[in-house]
There are 2 protein chains.
Amino acid sequence: MNKSTYIANQIRDKILNTKELAPNQALKTEVELCKEYNVSKMTLKKAIDILVDEGLVYKQRGVGTFVKNLTESPLNNIRDRYKDQNLTGFSASHKGQTVHTKVLEYTVIPASDFIAEQLGIQPSDFVYFIKRLRSVDDFPNVLEETYMPLELMPGLKLANAETSIYSFIENTLQLKVTSSHLSIRAIKSTEEIAGYLNLKPEEPVIAVTQTAFLSNGQLFEYSVCYHRYDVYEFHTVVVRKD
Amino acid sequence: MNKSTYIANQIRDKILNTKELAPNQALKTEVELCKEYNVSKMTLKKAIDILVDEGLVYKQRGVGTFVKNLTESPLNNIRDRYKDQNLTGFSASHKGQTVHTKVLEYTVIPASDFIAEQLGIQPSDFVYFIKRLRSVDDFPNVLEETYMPLELMPGLKLANAETSIYSFIENTLQLKVTSSHLSIRAIKSTEEIAGYLNLKPEEPVIAVTQTAFLSNGQLFEYSVCYHRYDVYEFHTVVVRKD
DNA sequence: AAGTGGTCTAGACCACTAC
DNA sequence: TAGTGGTCTAGACCACTTA
């Protein structure tokens, strides 16, 4: 771990957990923190900027750096993100414990024009089409439809779809998923979605469309996930810099 | 404007507009770009990292930096963000031109326990409660309910609510809105929401809850905005660094 | 004037990839 | 081995706030 990430983690812990730093309290000055952590100014600023982007602290030029006085809801969202090891800058929260995945479809099909466009491949190139139902505490919560180019997933098995395709990619293929573009919208649930998620047809559903990339720039996944509207909400922090 | 932002803007323009840089194409190396823009390595890296965070390019250590081969939808989302001057890292897109704001309620009320908690003030402290309907091309799209502590908005007039409260804050009060915490969920529209947005009751609506802060750390706004589900979608890019 | 954070530099050294 | 990006430094200089 690099120094700025380490320092950011230390200070975040003092805000979220040990409460050593209280809301509205000033952090030590940059000069002091540089000495404390024995790092240069640039490194320290990088560390603090991580916390600024997370929405935990704010800086005032000529004055100092302060812990934001967050209300419960935003604070819990940030806390949840670090508990879940979900360090992405975007988080979905749900209450619950036991997660179960049921594979509803696991097929290889020729890409439609639309899917080919979304995956950046040729129509009729083969793709995996995997439909899965995610349940939390035995309540079905998310219906996932995933499309991946066949040739990018050599050796994929049904068993991988039943546990985690991302584990397969990272552990077996030794590749990394480094970025993904998400679009979130609400729709009326179709008969099919309603059936799987125990909703009435036309009840709201949150549809999250994702385009995901590997560290080598390869687009490897297009997926649409339908989330129960009464279980999921999505959080983000917007920071405007000087 | 600082140098890294300027360089990021230049390169972004070459990707999005002039097409001087095509998908999958390698950017010049850091050393070359340092010479071209006459800046140090740290400054140049900061510039490129802006584009990485936006999802426009990716870096491979030991190899180079490349333009991402984005499909239409994510690409348009990024393009839209810069057309709208909405440089926030999170954007809502809608199709349409003429925006009109109708003020439905403009009152001062004592904060309920819930609103006091959301605004970090005492219950029964006075707050503005402003309800507005935003229409695009004469179609009502968003119903906004805004709460702001009375004492933070000296001199606010109905006319400000009819145009832009943010302009009032930035221009008249000379304050800056620098961060905001958002939560997005889907709900069934109530009779009231449905009425304003020309939906049927129970049809989906996207509810965006916002807590907004000034540059001095002051929490000044709690709002809930109900968006027509068939008009709005929200985009974000998630990047995992090494 | 003193003290805060903001930007930038020139260069050292490291980690990784490709050949 | 050569070339790429990643991290870090020590210090210069700037912009802003407060007194």
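Here is how names work: the chains are called A, B, and so on, in the same order as the sequence lines, proteins then strands, and each is numbered from 1. FYI, side chains are in, hydrogens and waters are out, and symmetry mates aren't considered; it's all heavy atoms of this structure.
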Looking at every strand, decide which applies to B:Asn38 at a 4.0 Å heavy-atom threshold: base, sugar-phosphate, or nothing.
-> sugar-phosphate
How many Å lie between [atom1] on [X] and [atom2] on [N], as a whole number?
{"X": "A:Gln174", "N": "C:dT17", "atom1": "CD", "atom2": "P", "answer": "11 Å"}
{"X": "B:Leu44", "N": "C:dC8", "atom1": "CG", "atom2": "C1'", "answer": "13 Å"}
{"X": "B:Met42", "N": "C:dG6", "atom1": "CE", "atom2": "P", "answer": "14 Å"}
{"X": "B:Leu33", "N": "D:dG6", "atom1": "CG", "atom2": "C1'", "answer": "16 Å"}
{"X": "B:Lys46", "N": "D:dC8", "atom1": "NZ", "atom2": "P", "answer": "15 Å"}
{"X": "B:Asn2", "N": "D:dC13", "atom1": "CG", "atom2": "C1'", "answer": "15 Å"}
{"X": "B:Tyr6", "N": "C:dC8", "atom1": "OH", "atom2": "P", "answer": "13 Å"}
{"X": "B:Phe66", "N": "C:dA18", "atom1": "CZ", "atom2": "C1'", "answer": "12 Å"}

When you measure from the side-chain N and O atoms of [X] to the phosphate of [N], is any distance below 4.0 Å, counting only OP1 and OP2?
{"X": "A:Thr43", "N": "D:dT7", "result": "no"}
{"X": "B:Ser4", "N": "C:dT7", "result": "no"}
{"X": "A:Lys3", "N": "D:dT9", "result": "yes"}

Which protein N or O atoms sit under 3.5 Å from an N or O of nucleotides 1-5 of chain C?
unit_1: C:dG3; atom_1: N2; unit_2: A:Gly62; atom_2: O; d: 3.3
unit_1: C:dT4; atom_1: O2; unit_2: A:Gly62; atom_2: N; d: 3.1
unit_1: C:dG5; atom_1: OP2; unit_2: A:Glu30; atom_2: N; d: 2.8

Hey, is NZ on A:Lys131 packed in by over 12 heavy atoms from elsewhere, all under 6.0 Å?
-> yes
For the pair B:Leu51 and B:Thr65, evaluate side chain to side chain contact (heavy atoms under 4.5 Å, CB included) and give the outcome as yes or no after the intermediate values.
-> CA-CA 11 Å; B:Leu51 302 175; B:Thr65 303; over 6 Å; no
Could you state the interatomic distance from CD (B:Gln210) to CD1 (B:Ile184), rounded to the nearest 0.5 Å?
-> 10.5 Å
After noting the C-alpha distance and the side-chain angles of A:Tyr222 and B:Thr71, does the key distance pass the side chain to side chain contact (heavy atoms under 4.5 Å, CB included) rule?
-> CA-CA 10 Å; A:Tyr222 171 78; B:Thr71 51; over 6 Å; no
Please output the side-chain donor-acceptor pairs of residues 14-25 of chain A that fall under 3.5 Å, not counting sequence neighbours, one pair per line with the distance.
unit_1: A:Asn17; atom_1: ND2; unit_2: A:Asp13; atom_2: OD1; d: 2.5
unit_1: A:Thr18; atom_1: OG1; unit_2: A:Glu20; atom_2: N; d: 3.2
unit_1: A:Gln25; atom_1: OE1; unit_2: A:Ala22; atom_2: N; d: 2.9

Any side-chain heavy atom of B:Leu219 within less than 4.5 Å of one from A:Asn69?
-> no
Pairs meeting criterion side-chain hydrogen bond (donor to acceptor under 3.5 Å, both in side chains) with involvement of residues 106-124 of chain A, two or more places apart = none
